[in-house]
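The first residue in the sequence is number 1, and the count goes up from there.
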Amino acid sequence: MAGLKVLDLSRILAGPTCTQLLGDLGADILKVERPGRGDDTRGWGPPFMTDEEGRETTESAYYLCCNRNKRSVAIDLTNEGGRDLIRRLACCADVVIENFKVGDLAKRGLDYESLSRDNPGLIYCSVTGFGQTGPKAARAGYDFMIQGMGGIMSITGFPDEEGGRPTKVGVGIADIMTGMYASSAILAALHARGGTGRGQYIDLALFDCQLAWLANQGLAYMTDGEAPGRLGNGHPTIVPYETFEAADGHFIIAVGNDSQFCKFCDILGRPELAEDARFALNSDRVRNRRELVPIINDLTRAHATADWLAACEAEKVPAGPVNSIPEAFADAQAVHREMRISVPHELDGRGAVDLIGNPIKFSDTPVTYRHAPPMAGQHTGVALAEWLNLSEAELEVLEASGAIAGEVER
């Protein structure tokens, strides 16, 4: 995607997740930030990046997770000169992405209708909590709230009888998935533009995306009319497919078919379980999970996790550990796949910052890591000069008017 210009007016997680992916794929991303403050997530810590003396900087881990391969420009959208700059940048952009409240940018003349008049090929993606239409369109949307409203918390966590309660996913998954849907939509719109020459408007809502990725659980409800409940680590339609207790902790068994179940029963030393009419078929095991799971747990407590994992691997029964995050990144597979990367950063005391690698592995056009997550306003002068061919004198006038600012003081 080298040569593609993306004007990023988004902040927090959903929009930045989308533009980071587009940046990894080669696009030129201009991240527009508020002078003096920058993206809200810069202050969402600790933890923060530390300098050579071990002092905290204003670069939080949260901000760093979704803002690489971008250049930051500090433009004041409350300033008419700043708004005019956005219009000029949009004229030469392929894509604009924003996550302002519904109607906010229209009041400033920065909505799709306004910007596409001068750039009919513009692809404009709006990300909001509830979309541009509907009874809740004007409401703000936050990941945690959307997880609750969108149903995922009703199926996440252990059931009431086991002391559980509705539980959110441990990362902002509604935001992240919306960012992924946004990147797919933008790529599709770019492809369509190749045939029509026209851009288009993309309306994405966190709430819609949350409902969409209910996937099999959403369809289970639509199929039989019954609301799925919370099963802890259990699977709604596969058994045994959850965590089990070992002598020294927990491990995962992910039996996906009846043949694997037979092998697992042999490993447990109870081959007759595979012939039991209650458990012979997966559908039987699902209906009788309350009888089967305690039996398995009683057996797995007899040996250590490593023993069970070795035995399962030998018989090709899917099983795995429950890793901590440090253990996950230290896994030999994660190391081999380069899922932890390091890029130069002048604020970090080590001179580089560690980031999570992109999981996409191309055979011919690999992703690239060209820019560390930028400091707020770090590229204001150079990027504006490049995109708009502005002179040093013109930049000075803009800065004097308050339309732009350089790097935020640290």
Side-chain angles (χ1 to χ4, degrees), residues 12-14 17 44 61-62 65 129-130 136 139-181 205-246 248-256 282-283 285-301 305 308-309 318-329 356:
I12 316 296
L13 185 56
T17 293
W44 286 12
Y62 198 115
C65 83
F130 297 95
K136 292 184 170 66
R139 294 182 59 177
Y142 292 87
D143 178 274
F144 185 21
M145 185 176 78
I146 296 297
Q147 286 196 40
M149 295 180 70
I152 193 67
M153 288 178 62
S154 74
I155 56 173
T156 303
F158 284 84
D160 292 342
E161 58 269 26
E162 295 181 31
R165 59 179 179 174
T167 304
K168 72 178 182 68
V169 179
V171 296
I173 193 65
D175 274 340
I176 292 169
M177 285 303 299
T178 301
M180 299 302 291
Y181 279 112
L206 270 67
F207 184 64
D208 297 351
C209 293
Q210 173 60 78
L211 291 173
W213 68 268
L214 287 174
N216 59 304
Q217 291 284 60
L219 262 292
Y221 159 68
M222 292 183 181
T223 300
D224 64 13
E226 295 185 15
R230 304 191 307 275
L231 293 172
N233 293 323
H235 193 287
T237 53
I238 309 174
V239 174
Y241 197 99
E242 60 182 278
T243 52
F244 289 94
E245 298 177 47
D248 58 349
H250 293 82
F251 70 106
I252 292 168
I253 290 294
V255 164
N282 178 68
S283 56
R285 296 193 294 275
V286 171
R287 294 187 179 97
N288 296 294
R289 73 168 71 231
R290 291 180 181 273
E291 289 78 28
L292 178 59
V293 169
I295 293 172
I296 296 175
N297 258 322
D298 285 343
L299 296 168
T300 56
R301 292 189 191 104
T305 298
W308 289 118
L309 295 181
V322 181
N323 284 334
S324 65
I325 289 178
E327 289 169 335
F329 280 109
I356 300 173

Atom pair CG/CZ of L299 and F244 - distance to nearest 0.5 Å: 10.0 Å
Closest non-hydrogen contact found for T17 with I176 is CG2-O, 4.0 Å
One should read off an interatomic distance between D175 CG and I12 CD1, to the nearest 0.5 angstrom, of 8.5 Å
List, one per line, each side-chain donor-acceptor pair under 3.5 Å for residues 205-225, sequence neighbours excluded.
{"unit_1": "T223", "atom_1": "OG1", "unit_2": "L219", "atom_2": "O", "d": "2.6"}
{"unit_1": "D224", "atom_1": "OD1", "unit_2": "E226", "atom_2": "N", "d": "2.8"}

Check side chain to side chain donor-acceptor pair (under 3.5 Å) between T156 and all other residues, then give those that pass, not counting sequence neighbours. none
V286 to V239 - nearest heavy-atom pair and separation: CA-CG2, 3.9 Å
Mind jotting down which residue pairs meet the salt bridge (Lys or Arg N to Asp or Glu O under 4.0 Å) criterion with at least one end in residues 291-300? Sequence neighbours excluded, please. D298-R301
Give me the atom names and distance for the closest heavy-atom approach of I146 to A174. CG2-CB, 4.1 Å
Are M153 and T167 close enough, and set up right, to give a side chain to side chain contact (heavy atoms under 4.5 Å, CB included), and what steps lead you there? CA-CA 5 Å; M153 288 178 62; T167 304; 5.9 Å; no
Look up atom CD1 in I356 and atom CD1 in I325, then write down how far apart they are to the nearest 0.5 Å. 8.0 Å
Residue pair C65 / L13: nearest heavy atoms and the distance that separates them: SG-CD1, 4.2 Å
L292 CG to R287 CZ distance, which is reported to the nearest 0.5 Å: 14.5 Å
Given side chain to side chain contact (heavy atoms under 4.5 Å, CB included), test L231 with F158 step by step and report yes or no. CA-CA 5 Å; L231 293 172; F158 284 84; over 6 Å; no
Would the distance check show the side chain of R289 and the main-chain N or O of P236 forming a donor-acceptor pair, the cut-off being under 3.5 Å? yes
Hey, is the main chain of G256 close enough, under 3.5 Å, to the side chain of N282 for a donor-acceptor pair? no
4.5 Å side-chain heavy-atom contact, V293 and E242: yes
Salt bridge (Lys or Arg N to Asp or Glu O under 4.0 Å): which pairs involve residues 154-169, sequence neighbours left out? D160-R230, E161-R290
Of all the heavy-atom pairs spanning R139 and F130, show the shortest one and how long it is. O-CD1, 3.7 Å
Who are the side chain to side chain donor-acceptor pair (under 3.5 Å) partners of S324, not counting sequence neighbours? E327
For the residue pair W308 and F251, does the interplanar ring angle fall in the parallel (under 30°), tilted (30 to 60°) or perpendicular (over 60°) class? parallel
Rounded to the nearest 0.5 Å, the CD1 atom of I252 sits from the OH atom of Y241 at a distance of 9.0 Å
Those residues that, when tested against Q147, pass side chain to side chain donor-acceptor pair (under 3.5 Å) (two or more places apart): D143
